[in-house]
Chemist: 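What follows is a structure written as structure tokens; I'll ask about it next.
In the text below, chain A, chain B and the rest are named by the order of the sequence lines, each starting its count at 1.
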Amino acid sequence: MADKNKLVEAITSMDQDFTQWYTDVVLKAELIDYSAVKGCMILRPYGYAIWENIQHNLDRLFKETGHENVAMPMFIPESLLQKEKDHVEGFAPEVAWVTQGGNETLTERLCVRPTSETLFCDHYAHIVHSWRDLPKLYNQWVSVVRWEKTTRPFLRSTEFYWQEGHTVHATAEEAKEETERMLNVYADFYRDYLAIPVVKGQKTDKEKFAGAVSTYTVEAMMHDGKALQSATSHYFGDGFARAFGIQYADRNNQLQYVHQTSWGFSTRSIGAIIMVHGDDNGLVLPPRIAPLQVAIIPIAAHKPGVLEKASAIRDQLAKTFRVKLDQSDKMPGWKFAEYEMKGVPLRLEIGPRDLEHNQCVAVRRDTGEKTVLPLDQLEQSLQTLLDQIHDHLYERALQSRDSRTYQALSWPELVGLVAGKPGFVEAMWCGDPACEQKIKDETGASSRCLPFDQTPLTDTCVCCGKPADKRVVWGKAY
RNA sequence: CGAGGUGUAGCGCAGUUGGCUAGCGCGCCUGCUUUGGGAGCAGGAUGUCGGGGGUUCAAGUCCCUUCACCUCGACCA
């Protein structure tokens, strides 16, 4: 066991086989188990705890921006799903249907929600009558079902957990502001809680949400250079309002259609955490959402005073941190490796030598760095360390992304970059969907977004050579 | 959904041209000794050989079928 880089022999090395590494990590860290239902995953306590921490913090941010939680049914009558043409065309191929209730065949089949725009719209049509009723800023935390052909834990499963916000506004301007506000909430959350840098931008028409006027996205780069669409915020204009008849009387008693948004953030974000921060020893969790922030490992626990001191420290720290004292009879080395695999940000070692000096040893998961900490003011020391870990994870991810973000000024350059170097490639685009499709077909890279920074690189399309004013981030995506 | 691959104990695997009571390592349980990077000794338990059907005197092994997972494509949070 002298090889420090191979402590967890059960995990495949990232560079050897990234997808196998990913599967090993989600299983060995006990985030999920596979279930009896094809494509569905069981979120185990440790994995669900990550989601709970994400939920708590995001939910608070939603409420701070004026949103209320509701719960919609999980079934959508077919007639309701059919009301908005683009929407149904987009989702129909991946919808699960209920055709029977008990022993009775249903007169109208029910779709298991793949997303809930139609239910919210139907409800809004009932409750919105006057300008005084607006805006309505609703959100729900639920699971949805999409009959995916290829599934992977967290990244794409048949059923997945998410939140979906659905809002109605009096004016297009208000709805656009909401769309942008929530995109920023997502981007800030990725930075401040998950330590993941994202590119904010707009989706092309080809990539936008079915039924949306415009879709905004935050795109993150994984360790293997591939892109992950990490959350989206959609502006609907009044398209759904017209399809569902959501109207209100304005101040002049004129009937107006509402303007709408929706925005979603899913358990896919956990896949991003794994693939951005993880290493060959397993998970590396950002401290602010880690189910365990500090794992205390007693050394020579049978020696007088060790367990007592460790317990006292545990009780003291539990007031401030998510902390666990591992009193099992495993060897210390085994515990070190175990909590590393599970991505616990800090490990505290407390042994006989520490007792003598009123200290403990803190070890960072992200760097492996050991620090001897006096037990006085331990909370402050640990808080500082956790913040440093967060900042370091973010900086490391940012540098990793920026160092693999390239610019292509010509077609050969684009083809060469996408083929040779995993990562993002920025290039100019004329706006013709044919060029977008050709790039996808011939390089495998899809348009991730039109980043908000639209500073031109050149003035011609990287594909067709015609005048172009759109700067696009291209990349292979999950 | 197309191409390829893998399913044998909790995990990783072996199992010969079909042949007797299906093995190994790790893990697990008990006891003692250990404890600052995955401990040692002794004893012990654990299998619908992924499921279903077939061929055969005989199937983990051959055939059909089905399910799951992995890889690469096409489609999507």
Chemist: What is the nucleic acid contact for A:E94, judged by heavy atoms within less than 4.0 Å: base, sugar-phosphate only, or nothing?
Modeler: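 Sugar-phosphate, no base atom in range.
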Chemist: Could you please name the option among B:G38, B:A74, B:A77 that lies closest to any side-chain atom of A:S266?
Modeler: B:A77
Chemist: Do A:K203 and A:E219 meet the salt-bridge criterion of a basic N to acidic O distance under 4.0 Å?
Modeler: yes
Chemist: Going by the side chain to side chain donor-acceptor pair (under 3.5 Å) test, which pairs reach into residues 306-317 of chain A, not counting sequence neighbours?
Modeler: A:Q316-A:E379
Chemist: Could you tell me which nucleotide pairs with B:U55 by Watson-Crick or G-U wobble geometry, both distances under 3.5 Å, or answer none if nothing does?
Modeler: none
Chemist: Counting only heavy atoms not in A:K438, do more than 12 sit closer than 6.0 Å to its NZ atom?
Modeler: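 Correct, the count exceeds 12.
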Chemist: Considering only NZ, NE, NH1 and NH2 on the basic side and carboxylate oxygens on the acidic side, decide whether A:E178 and A:R181 come within less than 4.0 Å.
Modeler: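 Looking at A:R181 together with A:E178, the answer is yes, because their closest N to O distance falls below 4.0 Å.
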Chemist: Quick one: label A:Y161 by what it contacts on the DNA or RNA (base, sugar-phosphate, nothing), any heavy atom closer than 4.0 Å.
Modeler: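 Counting heavy atoms under 4.0 Å across all strands, no contact is made by A:Y161.
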Chemist: From the set B:A74, B:C28, B:C75, return the single nucleotide nearest to any side-chain atom of A:K330.
Modeler: B:C28
Chemist: Can you sort out the partners of A:Y478 under ring-ring contact (aromatic ring centres under 6.0 Å, His included), two or more places apart, ordered by chain and number?
Modeler: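 Applying ring-ring contact (aromatic ring centres under 6.0 Å, His included) to A:Y478 gives none.
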Chemist: Considering just the side-chain nitrogens and oxygens of A:K335, establish if one lies under 4.0 Å of OP1 or OP2 belonging to B:A39.
Modeler: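 So the side-chain polar atoms of A:K335 never come under 4.0 Å of the phosphate oxygens OP1 or OP2 of B:A39.
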Chemist: Quick one: A:M331 CE to B:G38 C1', roughly how many Å, whole number?
Modeler: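 Result: 9 Å.
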Chemist: Any N/O pairs under 3.5 Å between the protein and nucleotides 3-9 of chain B? List them or say none.
Modeler:
none

Chemist: Is the count of non-hydrogen atoms from other residues, nucleotides or ligands lying under 6.0 Å from A:W147 atom CH2 greater than 12?
Modeler: no
Chemist: Please determine, for B:A14, whether a Watson-Crick or G-U wobble partner exists with both distances under 3.5 Å, and give it or none.
Modeler: none
Chemist: Roughly, in whole Å, what's the span from CG in A:L228 to P in B:A77?
Modeler: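 Answer to the nearest Å: 11 Å.
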Chemist: Look through every strand shown and name the nucleotide pairing with B:G4 as Watson-Crick or G-U wobble, where both distances are under 3.5 Å.
Modeler: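 Because both required distances fall under 3.5 Å, B:G4 counts as paired with B:C70.
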Chemist: If the C1' atom of B:U61 is compared with that of B:U17, how far apart are they to the nearest Å?
Modeler: 11 Å
Chemist: Sequence neighbours left out, what pairs pass side chain to side chain donor-acceptor pair (under 3.5 Å) with at least one residue falling in residues 267-277 of chain A?
Modeler: none
Chemist: Any idea how A:H166 and A:F120 line up, ring-wise: parallel (<30°), tilted (30 to 60°), or perpendicular (>60°)?
Modeler: parallel
Chemist: Both distances under 3.5 Å, Watson-Crick or G-U wobble: report the partner of B:U61, or none.
Modeler: none
Chemist: Have a look at A:E349 and say if it touches a base, only the backbone sugar-phosphate, or nothing, with a 4.0 Å heavy-atom cut-off.
Modeler: base
Chemist: Can you tell which of B:A74, B:A77, B:G38 lies closest to the side chain of A:E338?
Modeler: B:G38
Chemist: In residues 295-309 of chain A, which ones come under 4.0 Å of RNA chain B, going by heavy atoms?
Modeler: A:I299, A:A300, A:H302
Chemist: For this output row, return yes or no: ring centroids of A:W51 and A:F154 closer than 6.0 angstrom.
Modeler: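 For A:W51 and A:F154, the ring centres are not under 6.0 Å apart.
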Chemist: Are A:H87 and A:F240 near enough that their ring centres are under 6.0 Å apart?
Modeler: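 Judged by ring-centre distance (under 6.0 Å), A:H87 and A:F240 do meet the cut-off.
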Chemist: To the nearest angstrom, how far is A:D326 atom CG from B:U35 atom P?
Modeler: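 The answer, rounded to whole Å, is 18 Å.
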Chemist: NA contact type, A:G264, heavy-atom cut-off 4.0 Å: base, sugar-phosphate, or nothing?
Modeler: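 A:G264: no heavy atom of the nucleic acid under 4.0 Å.
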Chemist: Write down the distance between CD (A:E442) and C1' (B:G73), rounded to a whole number of angstrom.
Modeler: 16 Å
Chemist: Applying side chain to side chain donor-acceptor pair (under 3.5 Å), can you list everything that pairs with A:Q260, at least two apart in sequence or on another chain?
Modeler: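 By the side chain to side chain donor-acceptor pair (under 3.5 Å) rule, A:Q260 matches no residue at all.
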Chemist: Go through the structure and list residues passing side chain to side chain donor-acceptor pair (under 3.5 Å) with A:Q437, not counting sequence neighbours.
Modeler: A:D441
Chemist: Using modelled atom types and a 3.5 Å cut-off, is there a donor and acceptor pairing between side-chain atoms of A:R365 and backbone atoms of A:L285?
Modeler: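 It does not hold such a pair.
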Chemist: Sequence neighbours left out, what passes salt bridge (charged side-chain N to carboxylate O under 4.0 Å, His left out) with A:D188? Give chain and number order.
Modeler: A:R191
Chemist: Heavy-atom contacts under 4.0 Å between residues 353-362 of chain A and RNA chain B, which residues?
Modeler: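 Within this stretch, A:R353, A:D354, A:V361 sit under 4.0 Å of the strand.
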Chemist: Given atom CD of A:E207 and atom C1' of B:A77, what is their separation to the nearest angstrom?
Modeler: 12 Å
Chemist: Check the distance between B:A39's P and A:D329's CG and give it to me in whole angstrom.
Modeler: 11 Å
Chemist: Considering only the C1' atoms, how many Å lie between B:U16 and B:A22, rounded to the nearest integer?
Modeler: 14 Å
Chemist: Under the side chain to side chain donor-acceptor pair (under 3.5 Å) rule, collect the residues that match up with A:T384, sequence neighbours excluded.
Modeler: none
Chemist: Give me each pair satisfying side chain to side chain donor-acceptor pair (under 3.5 Å) with a member in residues 353-363 of chain A, each pair once, sequence neighbours excluded.
Modeler: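 Checked against side chain to side chain donor-acceptor pair (under 3.5 Å) - neighbours excluded - the pairs reaching residues 353-363 of chain A are A:D354-A:Q359.
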Chemist: So what's B:C41 paired with, Watson-Crick or G-U wobble, going by both distances under 3.5 Å?
Modeler: B:G31
Chemist: Quantified in whole Å, what is the P atom distance between nucleotide B:A39 and nucleotide B:C26?
Modeler: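 The same atom, P, in both gives a distance of 13 Å.
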Chemist: What integer distance in Å separates A:K149:NZ from B:C75:P?
Modeler: 10 Å
Chemist: Can you identify which nucleotide, out of B:G73, B:G36, B:C75, has its nearest atom closest to the A:E148 side chain?
Modeler: B:C75
Chemist: So what's B:A22 paired with, Watson-Crick or G-U wobble, going by both distances under 3.5 Å?
Modeler: none
Chemist: For a quick check of understanding: with a heavy-atom distance under 4.0 Å over all strands, which category does A:T217 fall into, base, sugar-phosphate or nothing?
Modeler: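 If one applies the 4.0 Å heavy-atom cut-off, A:T217 turns out to touch nothing in the nucleic acid.
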Chemist: Output a table of nitrogen or oxygen pairs between the protein and nucleotides 65-70 of chain B separated by less than 3.5 Å.
Modeler:
from	atom 1	to	atom 2	distance (Å)
B:C69	O3'	A:Y34	OH	3.3
B:C70	OP1	A:Y34	OH	3.0

